[in-house]
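First up is the structure itself, then whatever we jot down about it.
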Amino acid sequence: MTRHVDDKLHSGAPVVVIEAPGGCGKTTKAAKFALEAAGRLKSGKVLLLSHTHAACGEFQRKCAGHRGRVDVETCDSFCLKAIATYTRPLNLPAPVEAHLDRPSGGIRFADLSKKACELFKRAPTVARAVAAYYPLIVLDEHQDARISQHEAVFLLREIGGSRLRIFGDPMQAIHETSTEPCVNWDRLWAAADDKACLEEPYRWSDARELGEWIMACRSALKAGNPISLKGAPRMVSVSSHAGLAGPKRLRDVRAASSVVHRFLDDAPNSAAILAYRNEMVKTVAQVGSWRAPINEGARLDELDTLIQAMEAHAGNAERLARAFLDFLSVIGAGLTQSLCSGLRGRLGATINRQRAGSKQNAWLNCLQAIYACPDHRGVATAMRAIRDMPPPGYTIRLHDHVWALCSFSRTDDPRGFRSMLGRIRRQRKCPPQMVSTIHKAKGLDFDHVLLCPVDRHQYPDGDLGARLLYVGLSRARLSIRLAVTADAPTSHVAVD
């Protein structure tokens, strides 16, 4: 089967589509093909596009030593580079990178690919030049491509003749958006010049029985049927709980704490606890006494919110300090609502320290840096002060947010610098244990996985819930545990 897939990839067919379930060697196959194809090119490079910095980091590691012939980019970063020189005819602010997602006068990340499509249509010579530079384009996780991202690369095919090699899995399409739909995989599959499936479960070479069960789960979920836990292999364990969780919070904290701590005790290395919603992930980390840190991913959403505030309120120390306190309350523990309210009451044109106690003064001392320099550099200085000497009772939980913010003192452009930090973070290694959303765990795998909780709130009825469950299950290499909520069962699991 592998030889069959290789022959199709290396053929002269314009568009080849490879359907590759999780764990069947998609990343390895795509990287290996990119390297082999690059060696055969008479001119130009291979372009390898994925959707996350984590995936790009993995491809860069697999292509190490040959990156002179293989360029690895996210879809958005590729589109950004394509349009960067043509800001005036595209009616875009310059430089584009410095205006990404600005509240006013900027461009949304989601619009980068739309502008790339506009450029290639209006200037076919540009499309032909890009295609000549990248005569072969490998598309990873293409089931997650937005319509405009899909159109941008197909314009390079149609106008410039680039050959496309597309890898994806419709059962891992979990990045639905309300603003722009994702590519229709069935239509793409039907229109391909050639196609094949990767079906060998390489991820489970040390746990074949588990791999066969997960592949069977995929087939059942894809057909709209629930997975059966009856007769599951010994590597799959299930615990059932009444009233374990609500939509966003764990209700039975004692039971959840026991489940989480037991899992972390039994799986000290390469272990992940997965849930769908961000609020649930934070709650799970809390009941686990923060033994396993939260996987923050590459976007650093809370930092993006703070960046918008820094841009909107530059020069206004009071507003910046308030936004910084909001940021700290989310990325750490110990800045209570009452303490935060008391600190806010002392912020004005200057900091009012009259009758402030030692607890408040510890925070006010850090905020003084923002009053001394009311811009992103002052905020970065305040963050370093809190990182190096946290106020009593405060503990940082989202360390990557802190690391990135502390770096802002080195730049005049926090938003552009933020984008660069995302690329740097590709190389960062995951901790041995983590709590993560299923979205942010996509592309990663772990020896042991706990899905907690498994209920209709995390895995809702319909196709999305089925795909979320499959992605969660397929992250595990050696064992899976499911903490099932009996009073809110998901339709995707048949316990009996």
Side-chain angles (χ1 to χ4, degrees), residues 5 9 15-34 46-63 70-79 109-110 112-113 136-154 164-177 180-189 192 195-199 201-203 218 221-222 274 295 297-299 422-423 426 430 436-445 463-464 466-475:
V5 172
L9 288 171
V15 179
V16 177
V17 176
I18 306 297
E19 184 167 312
C24 289
K26 171 185 64 63
T27 302
T28 298
K29 176 65 69 177
K32 179 175 179 290
F33 166 69
V46 173
L47 175 63
L48 205 164
L49 296 179
S50 193
H51 291 273
T52 67
H53 287 298
C56 288
E58 185 62 26
F59 279 119
Q60 285 181 337
R61 284 186 284 273
K62 289 183 180 297
C63 296
V70 179
D71 284 350
V72 180
E73 299 281 358
T74 65
C75 293
D76 284 337
S77 64
F78 166 69
C79 290
F109 271 102
L112 292 173
S113 50
L136 179 61
I137 303 175
V138 180
L139 304 167
D140 173 56
E141 299 282 3
H142 198 62
Q143 77 281 342
D144 289 331
R146 300 188 303 274
I147 292 295
S148 57
Q149 292 174 329
H150 174 78
E151 184 183 3
V153 291
F154 265 76
L164 306 182
R165 298 297 180 260
I166 301 172
F167 291 80
D169 177 10
M171 282 303 292
Q172 295 189 68
I174 60 175
H175 291 279
E176 295 184 347
T177 67
E180 186 181 1
C182 291
V183 66
N184 185 311
W185 182 264
D186 291 339
R187 192 176 302 158
L188 175 65
W189 178 263
K195 65 198 74 170
C197 292
L198 285 174
E199 298 175 326
Y202 288 104
R203 181 172 294 165
R218 180 183 185 274
L221 292 167
K222 188 176 182 181
L274 306 180
N295 173 21
R299 282 191 58 86
R423 294 191 288 272
R426 293 179 186 178
C430 293
S436 178
T437 63
I438 291 172
H439 287 82
K440 290 180 179 178
K442 198 161 170 287
L444 305 176
D445 54 60
D463 292 340
L464 177 59
R467 295 194 296 263
L468 286 166
L469 180 59
Y470 166 66
V471 172
L473 293 171
S474 62
R475 300 308 94 197

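Computed from a predicted model, the values in this text were never measured in an experiment.
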Quick one: pull up [atom1] in [X] and [atom2] in [Y] and give me the separation to the nearest 0.5 Å.
X: Ile438; Y: Tyr470; atom1: CD1; atom2: OH; value: 13.0 Å
X: Phe167; Y: Leu48; atom1: CZ; atom2: CG; value: 8.5 Å
X: Leu9; Y: Lys29; atom1: CG; atom2: NZ; value: 7.0 Å
X: Phe33; Y: Leu136; atom1: CZ; atom2: CG; value: 4.5 Å
X: Glu141; Y: His175; atom1: CD; atom2: NE2; value: 8.0 Å
X: Asp169; Y: Cys197; atom1: CG; atom2: SG; value: 9.5 Å

For a 4.5 angstrom cut-off between non-hydrogen side-chain atoms, does [X] reach [Y]?
X: Glu19; Y: Lys195; value: no
X: Ser148; Y: Glu180; value: yes
X: Leu468; Y: His439; value: yes
X: Arg146; Y: Asp76; value: yes
X: Asn295; Y: Leu444; value: yes

Spell out, as yes or no, whether a donor-acceptor pair under 3.5 Å connects the side chain of Arg203 to the backbone of Ser474. yes
Could you tell me whether the side chain of Thr28 and the main chain of Gly25 form a donor-acceptor pair under 3.5 Å? no
Val17 and side-chain contact (heavy atoms from CB on, under 4.5 Å): which single residue from Leu164, Leu139, Ile166 fits?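 It is Ile166; the other options fail the test.
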Between the side chains of [X] and [Y], does any donor sit under 3.5 Å from an acceptor?
X: His150; Y: His142; answer: yes
X: Glu58; Y: Gln60; answer: no
X: Asp144; Y: Gln172; answer: no

Intermediate values then yes/no, side-chain contact (heavy atoms from CB on, under 4.5 Å), Phe78 and Asp71: CA-CA 10 Å; Phe78 166 69; Asp71 284 350; over 6 Å; no
Ignoring hydrogens, what is the shortest heavy-atom contact between [X] and [Y]? Give both atom names and the distance.
X: Ile174; Y: Lys442; result: CD1-CD, 3.6 Å
X: Ala30; Y: Phe59; result: CB-CE2, 3.9 Å
X: Val70; Y: Cys63; result: CG1-SG, 4.3 Å
X: Leu49; Y: Cys75; result: CB-SG, 4.2 Å
X: Arg475; Y: Val471; result: NE-O, 2.9 Å

Under the side-chain contact (heavy atoms from CB on, under 4.5 Å) rule, what do Asp140 and Lys26 come out as? Steps first, then yes or no, please. CA-CA 8 Å; Asp140 173 56; Lys26 171 185 64 63; 2.5 Å; yes
